[in-house]
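Comments concern the structure below.
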Amino acid sequence: MAAAAAEQQQFYLLLGNLLSPDNVVRKQAEETYENIPGQSKITFLLQAIRNTTAAEEVRQMAAVLLRRLLSSAFDEVYPALPSDVQTAIKNLLPGFLQAVNDSCYQNDDSVLKSLVEIADTVPKYLRPHLEATLQLSLKLCGDTTLNNMQRQLALEVVVTLSETAAAMLRKHTNVIAQTIPQMLAMMVDLEEDEDWANADELEDDDFDSNAVAGESALDRMACGLGGKLVLPMIKEHIMQMLQNPDWKYRHAGLMALSAIGEGCHQQMEGILNEIVNFVLLFLQDPHPRVRYAACNAVGQMATDFAPGFQKKFHEKVIASLLQTMEDQGNQRVQAHAAAALINFTEDCPKSLLIPYLDNLVKHLHSIMVLKLQELIQKGTKLVLEQVVTSIASVADTAEEKFVPYYDLFMPSLKHIVENAVQKELRLLRGKTIECISLIGLAVGKEKFMQDASDVMQLLLKTQTDFSDMEDDDPQISYMISAWARMCKILGKEFQQYLPVVMGPLMKTASIKPEVALLDTQDMESMSDDDGWEFVNLGDQQSFGIKTAGLEEKSTACQMLVCYAKELKEGFVEYTEQVVKLMVPLLKFYFHDGVRVAAAESMPLLLECARVRGPEYLTQMWHFMCDALIKAIGTEPDSDVLSEIMHSFAKCIEVMGDGCLSNEHFEELGGILKAKLEEHFKNQELRQVKRQDEDYDEQVEESLQDEDDNDVYILTKVSDILHSIFSSYKEKVLPWFEQLLPLIVNLICPHRPWPDRQWGLCIFDDVVEHCSPASFKYAEYFLRPMLQYVCDNSPEVRQAAAYGLGVMAQYGGENYRPFCTEALPLLVRVIQAVDSRTKENVNATENCVSAVGKIMKFKPDCVNVDEVLPHWLSWLPLHEDKEEAVQTFHYLCDLIESNHPIILGPNNTNLPKIFKIIADGEMHEAIKHEDPCAKRLANVVRQVQTSGGLWTECIGQLSPEQQRAIQELLNSA
């Protein structure tokens, strides 16, 4: 005992030294502390916290260190602790909650912030006292004597738990039911503002206000807990608020409806009709801010429920919004109605919008003219900014149907760009530039050419003033996107403008963000400052980044991708500087869009550089290859990772055999192996989560999403292997052997169907590109491939059937007996009753194609004459375009060799063959540039010369089929 007490005493000294102002003492104490084993550390810290006789600052220091230890690695540290220590840590919680409560009433919210941090990092720790934690948060949130910040932090505890421990929280429905009215009450906390309706500048949302905090909390909670729970609880509240005579309640009710759309998506879809009818009534509410909120709800639903929303409600919504846009006395309402119309048209199917085009254009034009006059007379521009974007959005959806209205708008739009030069009109001018370029893209080069050179001159003039623009000038990003659209419209003719455009574009793409590492106190003094965002690193430390310029940088990088894609060799002058910019951006972790653009640019830049010859191309590839492989290994975001893998595969296809060194292969092999191992490990982890005490159907939904993400990465592993096999052929098989056990594991019968599908696809590539050497591995995949032709999953059947087809085509002699065995299995699938339904048709067509390949490449394995009539009756294929071309080529071989079974006695099968060709043409299964089209056209022409037969063949076709035959003859 005495020894333990002495050790504890030493530990108090150590804690004191950690607080020492003397650097040397403190440094030494930190080293000593680091070296104490984890278990003892926790025991010492707990004793220090519970020892009421120890000095106050020593106990505080111990509490901070214990929190740091637990929050950084709770799942590893906590379960390993002895049960008495676990209990001791759990027992700290009631005291901690008391401290949260007391400190709030002493105007100190630091303890409450720690509770938010626990909810964020170690929510499971709160489980034994969850009810108490939630009740405390509710009490503080509802106490109007506390300041707004404290009430919002108390709400944040519940909202954070709905994100980090949704399943645990869903069991406490009583608390959720009490939290919802709290959030709604916050949303009612609005101020009267006389000047609101006609303010010309949109001030940013006041993020400290209760109304904004309540709305954001509601949005996050609906997404976290799911609509099944939230919608029934909130529906009645919203209905009551919408009937309240006080405008603030009606406003809050509509904003709440907008906020829950994403989280309650499925449940709201069922009652969308009554919701929409109800919301539209409020576009005529007596109070302008309620009308504004109604516009907001319509715009939000148009985005959340697209395109079903547009299909069901187009008539009512367009009419109501156009009427609201006429609200002359209230600029803010007019502008917001225009904004809702933009949301509506962005996701509106073209065919639905066309009938309203005349009416829409008439309204938008008259408002534009009116607002242009107001701009000249009063200098007001808010509505005009939105209307210009509405016009752009309508043109963008209507495409060529916008041509008749082009001359109505273009002169005014050009006028705005020429004359709106004052600083306060920068946004208007930027949006107008966007509008002109979108209209140009919609109506096409022919119509736009009359104005193209004027517009280019206007843009160039803005461009030359670029150097004087401030970095945050909103015109910059509009200009950059407009240039890229001009490039799409003008094609190769755009090249002449590159020298002017590329300077500013490269400057914007090279923006370096400001970053800082701060403690929480510094962060609070800065967060009022504009444009900083923070990532909490735990333990009162935050990483700050100034986000201004990041979106512009991302846009600029995407536009460089666009130029490389559109101009190809015309862009070669700039490939070197662009590749030097882009390669380091694969590690630009501040913005996903930048990394995606960097990855996309790589294969396109190689295409551009081709014209400079192999040496320049190889140099460029060497510059990017290492970085791409490393990025596949280190990229944290799965969406970005899939783009990087896709681009890497494309690069290998461009560069071909010999592009990877032994070191590259070694590194890539290790990374792909790790990705496949992670794939299996994640599946196991999901199974463990399904055993958790809080598992419910919403958890299952999120596990399904994770699963989809995993499978998507698996498809990219397959892409990379495909590009390597098709470039290197059988030389790469020894390298592939390290992955072989993992790929074999994918096609085991107990694995989920996507695993089996993609495992088969990889073996399909081995057979197609590495035969006859592939037979060495036949023992691993041949049986499964034959078995999976009849699998329950159509995706698995398709991969198996494709494999059997390439086996016949490329497989060599060893595969012959298996072709014989495969035939009846393939026929069984094709002849199944439901083989042509939507979900089955692709698999079935691959089976038909495989039968054709067996007859064509291994004719002595099967009785061709017996199979051919059946095969002919299964044509044409029209879903799987690649296989369709293969079958048409084989059909041409048979016709050109006058095969008696195909032509039939006295050519009686020819009308049937004409039907097959006509249907193939109608379904666009025949590409006119493909040599196959010429062969089919020649078959038709030969018949054309023999009068009677021609009449008979054409006579049996429908008018549509006859047109298709004519189309083929005209184009091939």
Side-chain angles (χ1 to χ4, degrees), residues 167 226 266 632 637-639 641-642 645-646 649 671-692 694-722 736 738-767 777 779-804 825 828-829 832 834-835 837-847 879-880:
Q266 242 178 319
I632 295 173
D637 181 279
S638 67
D639 291 341
L641 174 63
S642 59
M645 293 171 82
H646 182 71
I671 289 171
L672 293 181
K673 193 168 171 217
K675 293 280 176 236
L676 288 163
E677 283 165 353
E678 191 184 352
H679 175 81
F680 295 126
K681 188 172 164 217
N682 287 346
Q683 281 182 348
E684 282 167 27
L685 286 174
R686 281 194 285 278
Q687 280 310 101
V688 172
K689 285 182 187 165
R690 290 186 171 103
Q691 309 309 315
D692 188 271
D694 291 324
Y695 173 75
D696 60 14
E697 61 187 275
Q698 278 101 328
V699 173
E700 183 53 44
E701 276 176 31
S702 66
L703 294 179
Q704 288 293 334
D705 289 343
E706 284 174 34
D707 194 54
D708 293 345
N709 268 340
D710 265 9
V711 170
Y712 196 55
I713 298 301
L714 184 61
T715 67
K716 298 303 160 198
V717 171
S718 169
D719 281 354
I720 290 175
L721 291 173
H722 169 78
F736 172 67
Q738 62 183 320
L739 302 175
L740 188 62
L742 293 158
I743 311 297
V744 170
N745 195 10
L746 283 174
I747 58 171
C748 287
H750 64 279
R751 300 230 65 92
W753 67 259
D755 283 16
R756 291 179 291 133
Q757 175 194 5
W758 291 103
L760 284 173
C761 286
I762 293 167
F763 281 121
D764 292 351
D765 276 326
V766 172
V767 175
Y777 308 108
E779 58 177 306
Y780 298 114
F781 64 78
L782 249 180
R783 281 289 138 221
M785 202 174 267
L786 287 160
Q787 194 184 329
Y788 287 146
V789 172
C790 302
D791 195 77
N792 281 335
S793 151
E795 292 82 356
V796 174
R797 292 201 298 278
Q798 181 173 350
Y802 181 83
L804 297 176
L825 299 172
R828 194 163 94 207
V829 176
D834 56 353
S835 68
T837 58
K838 193 173 169 210
E839 59 275 12
N840 291 330
V841 64
N842 276 50
T844 304
E845 293 198 344
N846 272 270
C847 291
E879 288 304 317
D880 192 319

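Distance check: Q757 CD to Q798 CD gives 7.5 Å after rounding to the nearest 0.5 Å. For the atom pair I762 CD1 and L714 CG, the distance stands at 6.0 Å (nearest 0.5 Å). The line from CD of E706 to CD of E701 is 12.5 Å long, rounded to the nearest 0.5 Å. The structure places NE2 of H646 at 6.5 Å from CG of D719, a figure rounded to the nearest 0.5 Å. From L721, atom CG reaches atom CZ of F736 across 6.5 Å, with rounding to the nearest 0.5 Å. If you take CG on L804 and CG on D764, they are separated by 8.5 Å, rounding to the nearest 0.5 Å.
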I632 vs K675, side-chain contact (heavy atoms from CB on, under 4.5 Å): CA-CA, chis, key distance, verdict: CA-CA 9 Å; I632 295 173; K675 293 280 176 236; 4.3 Å; yes
Check against side-chain contact (heavy atoms from CB on, under 4.5 Å), I713 and H679: CA-CA 9 Å; I713 298 301; H679 175 81; over 6 Å; no
What's the verdict on side-chain contact (heavy atoms from CB on, under 4.5 Å) for L786 and L825, showing C-alpha distance, side-chain angles and the deciding distance? CA-CA 8 Å; L786 287 160; L825 299 172; 4.1 Å; yes
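The side-chain hydrogen bond (donor to acceptor under 3.5 Å, both in side chains) test applied to S702 returns no partner, not counting sequence neighbours. Under the rule for a salt bridge (Lys or Arg N to Asp or Glu O under 4.0 Å), E678 has no partner lying at least two apart in sequence or in another chain. Residues satisfying the side-chain hydrogen bond (donor to acceptor under 3.5 Å, both in side chains) criterion with D710, sequence neighbours excluded, are N682, R686. Residues satisfying the side-chain hydrogen bond (donor to acceptor under 3.5 Å, both in side chains) test with Y712, not counting sequence neighbours, are none. Listed by chain and residue number, nothing satisfies the side-chain hydrogen bond (donor to acceptor under 3.5 Å, both in side chains) test with Q698 (two or more places apart in sequence, or in another chain).
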Using a 3.5 Å cut-off and no angle test, enumerate the donor-acceptor pairs between side-chain atoms of residues 745-752 and protein atoms at least two apart in sequence or in another chain.
residue	atom	partner	partner atom	Å
R751	NE	D755	OD2	3.1
R751	NH2	Q683	OE1	2.3

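Side-chain atoms of K716 do not come within 3.5 Å of backbone N or O of L641 as any donor-acceptor pair. Side chain of R797 to backbone of Y788: no donor-acceptor contact under 3.5 angstrom is found.
For R828, the CZ atom counts as loosely surrounded, since its 6.0 Å shell holds 12 or fewer non-hydrogen atoms of other residues, nucleotides or ligands. Summarising the local packing, CD of Q266 is surrounded by 12 or fewer heavy atoms from other residues, nucleotides or ligands at distances under 6.0 Å.
Contact check on D692 versus K689 returns no salt bridge, with no Lys/Arg side-chain nitrogen under 4.0 Å from an Asp/Glu carboxylate oxygen.
In terms of heavy atoms, P741 sits closest to Q738 at CD-O, 3.8 Å. When all heavy atoms of I743 and G759 are compared, the closest pair comes out as CG2-O, 3.9 Å. Minimum heavy-atom separation, V796 to W753: CG2-O, 3.6 Å.
Under 3.5 Å, the side chains of Q691 and Q687 contain no donor-acceptor pair of N or O atoms.
If you run side-chain contact (heavy atoms from CB on, under 4.5 Å) between P794 and each of N840, N842, T844, V841, only N840 comes through. Checked against V744 for a side-chain contact (heavy atoms from CB on, under 4.5 Å), the options Y777, F763, F781 give a single hit: F763.
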